[in-house]
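As structure tokens, the structure follows; a few thoughts come after it.
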Number of protein chains: 2
Amino acid sequence: MSFDRDAVLRAAAELLARKATATQDEIAKAAGISRATLHRHFAGRDALIRALEELGLRQLEQVVTDARLDDGAAREALSRLIEGTRPVAGFIAFLSTENQLFEEGEMNEGWERIDARISALFRRGQESGEFRIDMSPIWFTEALYGLVAAAAWAIQAGRTAPRDYTPMILGLLLGGVERRDPTP
Amino acid sequence: MSFDRDAVLRAAAELLARKATATQDEIAKAAGISRATLHRHFAGRDALIRALEELGLRQLEQVVTDARLDDGAAREALSRLIEGTRPVAGFIAFLSTENQLFEEGEMNEGWERIDARISALFRRGQESGEFRIDMSPIWFTEALYGLVAAAAWAIQAGRTAPRDYTPMILGLLLGGVERRDPTP
DNA sequence: ACCGAATGAGACAGTAATGTCTCATTCGAG
DNA sequence: CTCGAATGAGACATTACTGTCTCATTCGGT
């Protein structure tokens, strides 16, 4: 059984997202490996967190690219984006809540780049008249992260079915909770 | 200068919300007191977290009560609720992300009670025809927590003005990002 | 201004988690 | 099947944080 680095990091992200104080032992257990092996591949907690951040950002960046945010209607692009985040929702939940790394001044440029690309999508939607203009694209972006994390947590807690992930987030983010008049 | 228990807990919540691994020393520093004094009032980290949870839940419950969720239009009640959460946003951010306490089986009944009351508001809105019915009240509630946490974080990071707190959350949660036809 | 109470600063021991090592066992390529 | 590499389990030392204590200083009521 070869070592599945990404699977270990995914398990770690999901655990740390809801219990940031988990020990290396708990993380190893959650990943289904021994503490020794965990330490062989990630020399210490700092290295683990760093790898977590690195993989999370890389995957998210790939998701953003695959969603082709510049193509077609903004709401369609947003739909593709959210659907794409599903496999990395655990990473997003972890990364968006735990900014203990960034505050060391390095303020990860990768994270800023992703923010910029998603914000640009919302701005494009505003300029095309699809999205409302009384709130900033940055807030929309932050709100998206928040909803993704909330959805990931709700699913993990068994409160919601996994298949509802995308419609839940997309429906709420696009239309809000208010009922809309059926006037297409 | 007398000891302001609530202020200390508020500072602790805001710090722990974004860095759950903060040491007692860092918490004390963030609260503007010494580690010795922190320990005099909260005997150990567990006691601190417990007090944090207790005060947070109590305050949030008070906010929910003050918002009179059963009165008037559901959207107005939601508006009052969100405005009321502003002073306790740091607590909500901490409590909604860190469930390390609940998983010890006690699954705080106070938290469940608050969830139930807020969910009831959304359900009432659905039944009155104000809110859409294709998503569950529980999801609306979780989403509210997520948006509150996202807003609190955005403000703390200086990305958004504090005065925009309520309109940001309310606007997004009620109407979503899509532009609505001006047809009242 | 006084005095008791609370605080801050620091030293110190205890403890929990980490980093490191060893060794038997398992895995998997050839 | 064989052998080298990787893993799991555990022991051990180290580190970092916590819990506790002391004492000088400051605060605040009277």
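So you know, we letter chains A, B, ... as the sequences are listed, proteins then strands, and number each from 1. Every heavy atom of this structure was used, including side-chain atoms; hydrogens, water molecules and symmetry mates were not.
Rounded to whole Å, the distance from CG on A:D4 to P on C:dC27 is 17 Å. Atom CZ of B:R5 and atom C1' of C:dA6 are 17 Å apart (whole Å). The distance from atom CD1 of B:I27 to atom C1' of C:dG8 is 18 Å, rounded to the nearest whole Å. When the C1' atom of D:dT26 is taken as reference, atom CZ of B:F3 falls 17 Å away, rounded to whole Å. Rounded to whole Å, atom C1' of C:dT7 lies 13 Å from atom CG of B:L38.
Within the 4.0 Å cut-off from OP1 or OP2 of C:dA9, not a single side-chain nitrogen or oxygen of B:S34 is found. A sub-4.0 Å separation between OP1 or OP2 of C:dA6 and a side-chain N or O of B:H41 is absent.
Taken together through direct or relayed side-chain contacts under 4.5 Å among Ile, Leu, Val, Met, Phe, Trp and Tyr, A:I138 and B:I155 form parts of separate hydrophobic clusters. A single hydrophobic cluster is not seen to contain both B:I133 and B:W139; linkage of ILVMFWY side chains at heavy-atom distances under 4.5 Å, directly or through other members, places them apart.
Checking side-chain atoms of A:R40 against main-chain N and O of A:R35 turns up no donor-acceptor pair under 3.5 Å.
Counting heavy atoms from C-beta outward, A:F94 and A:L15 have side chains that stay 4.5 Å or more apart.
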Query raised in the report: If the sugar-phosphate is the primed atoms plus P, OP1 and OP2 and the base is the rest, what is the B/S/- string for nucleotides 10-24 of chain D, using protein heavy atoms under 4.0 Å?
Result: -B-----SBBB-B--
Report task. Let me see the working for A:R132 and B:E178 under salt bridge (Lys or Arg N to Asp or Glu O under 4.0 Å), right down to the final yes or no. Result -> CA-CA 6 Å; A:R132 57 199 294 190; B:E178 274 192 319; over 6 Å; no
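Residues satisfying the ring pair (Phe, Tyr, Trp, His ring centres under 6.0 Å) criterion with B:F140, sequence neighbours excluded, are B:F122.
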